[in-house]
Amino acid sequence: MAIQELDVTRDRCPITFVKTRIALDKLLPGDVLRVRVSGDGPARNIPRSAAELGFAVRPVIPAGDDTYIIEIER
Amino acid sequence: MEFTGEDIIRYSRNILLPEVGARGQEKIREGKVLVVGAGGIGSPVILYLAAAGVGRLGIIDGDKVELSNLQRQVVHFTGDVGRSKTASAAVKARALNPGVEVVEIDERLSAGNAAGIISGYDFVVEGSDNFETKYLVNDACAAAGKAFCTGGLSRFEGQAMTRVPGAACYRCLFPEEGAGAETCAMAGVLGAVAGITGTILAAEALKYLSGAGELLTNSLLSFDARTMHFRRLEVRRRPGCASCGDESIKPR
C-alpha cells in the first residue's frame, strides 16, 4: 500500500484529468493517489470522474491558496 | 454534361452507381456545400466532398489547429499545429482535387454572418463542437429554406440527422440546449467515432446533391461504437417549434 502524489495545479481541463487518469491506472489495490488541484472546478470534477471509474474518493481537503487535495483509493 | 477524360476516370466509381450516373455526378459538380467546423466531424466531410468533386466547398472555422486535435481531426497533420484550421483543411482539399473551388472562411459562424455565408451554398454540413452553432445553423437554414445535416459526438457515441425544409428540425428534437460536458473526463472521444459520424454526413451531402437514395430526415441515427449498435429513431416535427414552426422566423 503506497501513497502516490500528483500535482496538477498548473494544468487545465481536460489535461488535469488526463494526468489523473494516468496516475490512477498505475495504482495497485490499496494504493492512494493524492492529487493537488487548483480551483474549485477540478476540486468538484476530479472526484466525480474518479468515482465514475469505480474508485473510492475521500472528502476533498482545502489546502489554502485556492488549492485542494483529493485522495483517491484503489 | 461534359466530362474530360480525366473526370471520367476520376469519378468513374460515382458514375457507375445506378442512382448517380453522369447526371448525378453533374449535380455533384454543380453543388455548393458549406462545412461548418473543420474538426473531427468536418475532416472526413471535407475530404470526401473534395474527392467526389463538389463544385464549391466552403469551410468555416475560426480556430487554429492544436496538438490535441490530431487524434481525431484527420484533415490536419502534425506540421499544421498553429495554422488556421480552414487553411490547413483547404490545402488538403485542393491537393486531393484541384477541380474543386475551396473557399476558406477563417471566422466563427455567428448570428451576424450566418445568413450571408449560407446564401452562397446549396447544402450545409454542421460539424461544430457546440450547441450554439448547431442551433444557429438549424435556424439560419430553416429561415433560408436550406437543407443541412448535423452530427454530434460523445465519447464512444455519435449522432447524425438531416433536415430539409418541411421535415423535423434540430430544435424539434432538442428544444432546449442540452447539458454540455460537465466534467473534463467527458471531453474524451474516440477519434474513429468522429470519422464515422462525419462520413455519414458526407454521404448525406452527396445523396442530397446527386438525388440518390433517401435522406436521414425525420430521424436521428445514433450509434455506440462500444457495441457497434446503430439505431434510427423517428423524429416528428414539433408544432410550435421555435425554429421551423414558422419557416420565415429569423435566426436567433
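Order of the sequence lines sets the chain letters (A, B, ...), proteins ahead of strands, with each chain counted from 1. All values below come from the heavy atoms of this structure, side chains included, with hydrogens, waters and symmetry mates left out.
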Select all residues of residues 39-51 of chain A having any heavy atom within less than 4.5 Å of some heavy atom of chain B, and report them by number, or 'none'.
A:N45, A:R48, A:S49
Heavy-atom side-chain contact between A:V60 and A:V37 under 4.5 Å
no
Which residues from residues 4-19 of chain A are near chain B, with near meaning under 4.5 Å between non-hydrogen atoms?
A:C13, A:P14, A:T16, A:F17
Out of curiosity, B:K134 NZ to B:R171 CZ, how far, rounded to the nearest 0.5 Å?
13.5 Å
When you check the gap from the basic side-chain N to the acidic O, do B:R236 and B:E234 get nearer than 4.0 Å?
yes
Would B:S243 and B:D139 count as having a side-chain donor-acceptor pair, cut-off 3.5 Å?
yes
For B:Y48, I'd like to know if atom OH has over 12 heavy atoms of other residues, nucleotides or ligands within 6.0 Å.
no
Donor-acceptor pair, distance only, cut-off 3.5 Å: does the side chain of B:N97 make one with the backbone of B:L49?
no
State, yes or no, whether a side-chain contact exists between B:V193 and B:F223 at a heavy-atom distance under 4.5 Å.
yes
Measuring from B:E66:CD to B:H76:NE2, what's the distance to the nearest 0.5 Å?
10.5 Å
How about B:N130 and B:T133: does a side-chain donor come under 3.5 Å of a side-chain acceptor?
yes
